[in-house]
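Keep in mind that the numbers below use all heavy atoms, side chains included, and drop hydrogens, waters and symmetry copies. In listed order, ligands and their atoms are each counted from 1.
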Amino acid sequence: MPGTVIVGTQWGDEGKGKVVDLLAEDAEMVVRFQGGNNAGHTIVRDGEEFKFHLIPSGILYPGRTCVIGNGVVVDPSVLIDELESLRRRGIDVGGLRLSANAHLIMPYHVLLDTAGEARLGKLEIGTTKRGIGPCYADKSARLGIRVQDLLDAKILRKKIAAALEPKKQLLRPYERDPRIDLHAMTEEYLRYGHRLEPHITDTSRLCWEALDAGKQVIFEGAQATLLDLDHGTYPFVTSSNPVAGAACVGAGVGPTDIDEVWGVCKAYTTRVGAGPFPTELSDEVGAHMADRGHEVGTTTGRARRCGWLDLVALRYASRLNTLTALAITKLDVLSGLDRLRVAVRYRGAEGAVFDEFPYHQSILHTAEPEYEEVPGFGEDITGARTESELPPEARDYLALISETTGVPIRLVGVGPGRDQVVTMAAAP
Ligand code: IMP
């Protein structure tokens with residue numbers, strides 16, 4: 001299985017980092033293909049905590065090549081901080097490769113993200129305010145600054161000037177802000193270029209070489225299916241495509257290079273930011289999930305909204321990504337709940353029944369989930385390592401997920417530690 005894509009199946013924060021970390025052990029290369037430092041994940045290794053926003057977590061394995069692909073938007077100051085912090089902790093970062101074609105988040109993107117949200121007022125998306133949307137907008141408008149531009153002072157200055165021109169009106173409140181002074185910005189970004197130069201390369205070629213040699217390459221998705229710009233709960237989405245198909249575009253490989261697609265799914269659901277969330281709970285069960293699951297964002301520190309697992313949405317994600325396997329995370333968080341519920345269909349405002357994820361946002365905003373209720377489990381399962389060590393109710397819960405989606409479950413997370421994983425018996 002040389003090419004494996006790992007994606008989130010919900011609204012992000014499913015624990016993809018941990019699954020990537022586990023699979024990266026046997027891989028040659030880990031490749032990020034979209035998103036930017038709006039992502040964030042925490043890896044606990046030998047009791048030590050590592051937080052990543054841009055660098056693939058495979059960097060913790062000596063000798064692994066970790067790629068930031070062309071589809072990623074890169075804030076170079078964040079990347080350099082991450083490199084420095086890893087280096088200070090004795091981690092060799094020599095394996096990091098940065099696509100020359102990746103687009104750069106500029107200081108004005110961050111300002112425009114914040115200003116755009118303020119303008120929307122009550123209708124705000126709840127972005128991470130990292131400049132992601134404005135950066136992808138410039139990419140599409142062909143006004144983006146790419147990593148390769150950092151290596152040529154004249155080109156860099158010209159491109160920044162061209163990118164600033166149509167934004168003059170919007171940036172007027174920041175006219176005197178030194179962060180967006182053309183000269184200062186050019187100098188600052190040239191320094192970043194100097195610092196990042198040893199890592200910059202043609203990363204598609206690196207992927208081809210590894211794949212052609214039969215080595216395993218993991219394509220690490222950020223955010224998740226329901227935040228996808230095309231297929232998610234638009235406009236309450238991110239500005240990239242976190243679905244598996246985007247791995248090809250964002251890394252520069254072809255569809256037949258992908259052999260497996262793993263979907264990561266929390267045993268319940270969380271969402272940060274605004275937007276529809278049919279199974280959201282505002283009762284003590286939601287509080288149990290938030291509390292036991294430590295549901296606070298790695299990137300922005302915002303509290304995550306919590307709710308029951310939504311199998312309508314998960315079936316949609318399974319098909320959109322053609323999942324070949326599921327990894328269910330944080331099952332331990334559900335222990336102690338008497339009854340567990342999973343949404344199996346929605347009912348619209350007029351009483352219409354939706355077995356499939358509705359394409360119309362108005363329906364999704366008012367949809368009431370219909371639940372199937374199953375017995376919960378009281379036992380602490382954080383010590384389980386095999387399927388048979390899980391209580392029968394937990395096994396039934398997993399079987400229900402697998403049967404409803406038609407996707408075999410390969411891994412189950414039962415705690416934050418790297419070893420707190422149940423490897424499921426091979427699927428039939
Ligand atoms: P943006 O990606 O910063 O533009 O934010 C758009 C939406 O995606 C907001 O609802 C964010 O909360 C959400 N979002 C972006 N990145 C993540 C993530 O890594 N985990 C969860 N939600 C995210």
Next on the checklist: Check whether Phe354 forms a cation-pi arrangement with Arg345 (NZ or CZ under 6.0 Å from the six-membered ring centre, at most 45° off the ring normal).
Outcome noted: no
Checklist entry - Any side chain to side chain donor-acceptor pair (under 3.5 Å) pairs touching residues 234-251, not counting sequence neighbours? => result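 Those involving residues 234-251 are Gln34-Ser240, Asn38-Thr238, Asp228-Asn241, Asp230-Asn241.
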Checklist entry - Where do Ala274 and Glu124 come nearest, in terms of heavy atoms and distance? => result CB-O, 3.6 Å
Next on the checklist: Just verifying a value: how many Å separate Ile125 CD1 and Leu227 CG, rounded to the nearest 0.5 Å?
Outcome noted: 11.0 Å
Checklist entry - So which of Leu23, Ile218, Asn321 actually passes side chain to side chain contact (heavy atoms under 4.5 Å, CB included) with Trp262? => result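 Checked Leu23, Ile218, Asn321 against Trp262; only one passes side chain to side chain contact (heavy atoms under 4.5 Å, CB included): Leu23.
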Checklist entry - Do Trp11 and Phe277 have their ring centres less than 6.0 Å from each other? => result yes
Pairs of nitrogen or oxygen atoms, one from ligand 1 and one from the protein, closer than 3.5 Å: please tabulate them with distances.
residue, atom, partner, partner atom, Å
ligand 1, 2 (O), Asn38, ND2, 2.9
ligand 1, 2 (O), Thr238, OG1, 2.6
ligand 1, 3 (O), Thr128, N, 2.8
ligand 1, 3 (O), Thr128, OG1, 2.6
ligand 1, 10 (O), Val272, O, 3.3
ligand 1, 12 (O), Gly126, O, 3.3
ligand 1, 12 (O), Val272, O, 3.2
ligand 1, 12 (O), Arg302, NH2, 3.0
ligand 1, 16 (N), Asn38, O, 3.4
ligand 1, 16 (N), Gln223, NE2, 3.3
ligand 1, 19 (O), Asn38, O, 3.3
ligand 1, 20 (N), Asp13, OD1, 3.2
ligand 1, 20 (N), Asp13, OD2, 3.4

